[in-house]
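Here's the structure we're looking at; comments come further down.
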2 protein chains.
Amino acid sequence: MPSSRATLIEVAKLAGTSKTSVSRYFGSERERLTAKLQSQIEQAANTLGYQPNLMARGLKGGGSRLLGMLVADIRNPFSVAAVHGVEQAARAHGYSLIVCNTDNDPEQEQTQLASLAAYQVEGLIINAAGQPEPQLQALMHSGIPLVLLDREVRQLDAEVIGLDNTQAIDMALDHLVQQGYRSVLYVSEAPEHASARQERLKRFKQQVKTLGLDSQTLVLNSLDEHSALPTLREFSQRPACAPKAVLCANGNVTLAMVRSFQHLGLTMGSIGLLGIDELEWCELVSPGITTLAQPTDAIGQAAVACLLNQLPQHPGKLAVQALHSPTLIIRGSTSPSG
Amino acid sequence: MPSSRATLIEVAKLAGTSKTSVSRYFGSERERLTAKLQSQIEQAANTLGYQPNLMARGLKGGGSRLLGMLVADIRNPFSVAAVHGVEQAARAHGYSLIVCNTDNDPEQEQTQLASLAAYQVEGLIINAAGQPEPQLQALMHSGIPLVLLDREVRQLDAEVIGLDNTQAIDMALDHLVQQGYRSVLYVSEAPEHASARQERLKRFKQQVKTLGLDSQTLVLNSLDEHSALPTLREFSQRPACAPKAVLCANGNVTLAMVRSFQHLGLTMGSIGLLGIDELEWCELVSPGITTLAQPTDAIGQAAVACLLNQLPQHPGKLAVQALHSPTLIIRGSTSPSG
DNA sequence: CTGTTAGCGCGTTCAC
DNA sequence: GTGAACGCGCTAACAG
């Protein structure tokens, strides 16, 4: 009936042996012990409910077996999916994950980063909200492996794992063109602090020229009910000889635009709608929203692999794919005929 | 240019002082130091990029300042919202949160629980997937504060924080009755391992009698496309003299039932639909789905407060509300007239 | 006010 | 095969 946690020493005492043997038993040298000693230790540990103290273990140099992840917005479905992928991969390699959410607040980002470092994580997966170069540079400098997820950080020489944004835009535009749309409104959130948004926007502007499409871009400073309305109304009413479509840069934008469509009484399809990021409700909103799904599990796995490769213990032999291809999920919102 | 983390000793050496002073500087006794010494230490710490090692601190007895949270399904929007609430509350009290996901797998639950304990968390918030009584009992026994979130665990004497399920069912049925529905199909996932589901189901059966409603229940063993179809078809075609409605026990069920409605070409409203759990897409699916929203932030906050109250350092003075009221969000899916 | 000393729980030499 | 002794980074007595 231990009122607090049992320690290695107590187990040793109860088993009538010494710390070392118990340590070996719970470490990777269990084989080297007598069968009898093993069962003694096992029994003692069980009756005491002993759990090795990973903090203490990490102290010596064995490593904390902890990975840290910084997420810009934990309520964003893409982020959650990525966290899930990372967590699975981490556990598969024997690591635990401590997740910190920043709610897209650069200040919290600073704090959380500090706290993550304080917990002696062996590696950091970062989905940045701001541009915390100084802190991150200090961390990299101090030898902590770093991987950036979805968003790069200026002047920080770390690998970025995420969607192949160029390919995504190309696939989206190809599909829209194929469906007969010739005029595209691209809607994005503010791209300042998110490199993925910048890349997508840039590629859109390029590719739209290459394909000879009529185009327009809209940057949403707020995701509220009405901020997209004027532009969308104008876009929808503009005379054109071929169907027009809206391309949403991410899931948040898709949500906002569907709201706007409904507000204006627009029918999806007659004006096309295609969103980057697959969300569970996209098939439910009539006539179904065409999306580009990100392979979030693969992205998470790649991020962990990339991290582990940077660890001194590891040979750096895990395959890492930095850029991942999306999957096009075709639904009714990109059929001009309805 | 430290190739690894700087330690307290290095800072002390550089500042020309001793470990203790540096320790005091970073602890809560900074005041007791000379202004001069303070600035020396600050400077040394900065140039070295020093971060106190919280693991080592925890070792001594200062506590790890870590809370652990076990989540049954991190991809469930309710869970994410709860995690978010817990994380905010934890940070507000100076704690960090390590989140473990079990994907509703009792085996993973065992593993994750062990790992959480190994990291010396000071308290545990548990959203159980199975019934890990033995482990949890051992943990409680060893003195770790425990709080159950949304789901109780048999024979475990720990506080459960979550929705007031009785009130939720009552509110739902009241609303349906008020809208003129007289026949209700209650759809739930398997209630075996989730006490909240049991409570809701039980209350439904009680209350439906009290109100004199025609009723039926359906337990979904799978959330796939077709498992609800036969029952729903039969329910929709059954002759009745007053409107019929479907009550969904949680967000997953709501999603499945909307799919089923669409599959069968049923119009929401003419057959009513009300879901427990608010989801971002509920307003988008025409004519909008009426829901009961859970106050997830409040629940998370209460869970943390309850945990902190059990800590020996704390006087146990934080107000804790165990049962939380939902909010009814009325939309078109509960208007019989359309 | 400040420095010295002794552990916290554990892994790791090294001898036996 | 096994056990004693030391140190990890830090805090907490206890002097000075």
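To find a chain, count down the sequence lines: A is the first, B the second, and so on, and within it residues start at 1.
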Are any protein N/O atoms closer than 3.5 Å to N/O atoms in nucleotides 12-16 of chain D? If there are, list each pair with its distance.
residue	atom	partner	partner atom	Å
D/dA12	N6	B/T20	OG1	3.3

For the residue pair [X] and [Y], establish whether any side-chain heavy-atom pair is separated by less than 4.5 Å.
{"X": "A/L70", "Y": "A/N127", "answer": "no"}
{"X": "A/L311", "Y": "A/P145", "answer": "yes"}
{"X": "A/V147", "Y": "A/L124", "answer": "no"}

Return the value, rounded to whole Å, for the distance between atom [atom1] of [X] and atom [atom2] of [N].
{"X": "B/Q120", "N": "C/dC10", "atom1": "CD", "atom2": "C1'", "answer": "11 Å"}
{"X": "A/I41", "N": "D/dG1", "atom1": "CD1", "atom2": "P", "answer": "14 Å"}
{"X": "B/E10", "N": "D/dC10", "atom1": "CD", "atom2": "P", "answer": "9 Å"}
{"X": "A/R30", "N": "D/dG1", "atom1": "CZ", "atom2": "P", "answer": "17 Å"}
{"X": "B/L8", "N": "D/dC8", "atom1": "CG", "atom2": "C1'", "answer": "13 Å"}
{"X": "A/L59", "N": "D/dC6", "atom1": "CG", "atom2": "P", "answer": "18 Å"}
{"X": "A/M55", "N": "C/dG7", "atom1": "CE", "atom2": "C1'", "answer": "19 Å"}
{"X": "A/I9", "N": "D/dA4", "atom1": "CD1", "atom2": "C1'", "answer": "12 Å"}

So A/F26, base contact, sugar-phosphate only, or nothing? Heavy-atom distance under 4.0 Å.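 Answer is nothing: A/F26 stays at 4.0 Å or more from every strand.
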
At under 4.0 Å, does any side-chain N or O of [X] touch on OP1 or OP2 of [N]?
{"X": "A/S21", "N": "D/dG3", "value": "yes"}
{"X": "A/T7", "N": "C/dG9", "value": "no"}
{"X": "B/R57", "N": "D/dT11", "value": "yes"}
{"X": "B/Y25", "N": "C/dC1", "value": "no"}

Which pairs, with at least one residue in residues 8-30 of chain A and sequence neighbours excluded, count as a ring pair (Phe, Tyr, Trp, His ring centres under 6.0 Å)? A/F26-A/Y50

Would A/E10 and A/K13 pass as an ion pair if we require N to O under 4.0 Å?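 Salt bridge between A/E10 and A/K13, a charged N being under 4.0 Å from a carboxylate O: no.
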
Just by distance, no angles: are the side chains of B/Q51 and A/Q120 close enough, under 3.5 Å, to form a donor-acceptor pair? no

Please check if any side-chain donor atom of A/D103 sits under 3.5 Å from a side-chain acceptor atom of B/H84, or the reverse. yes

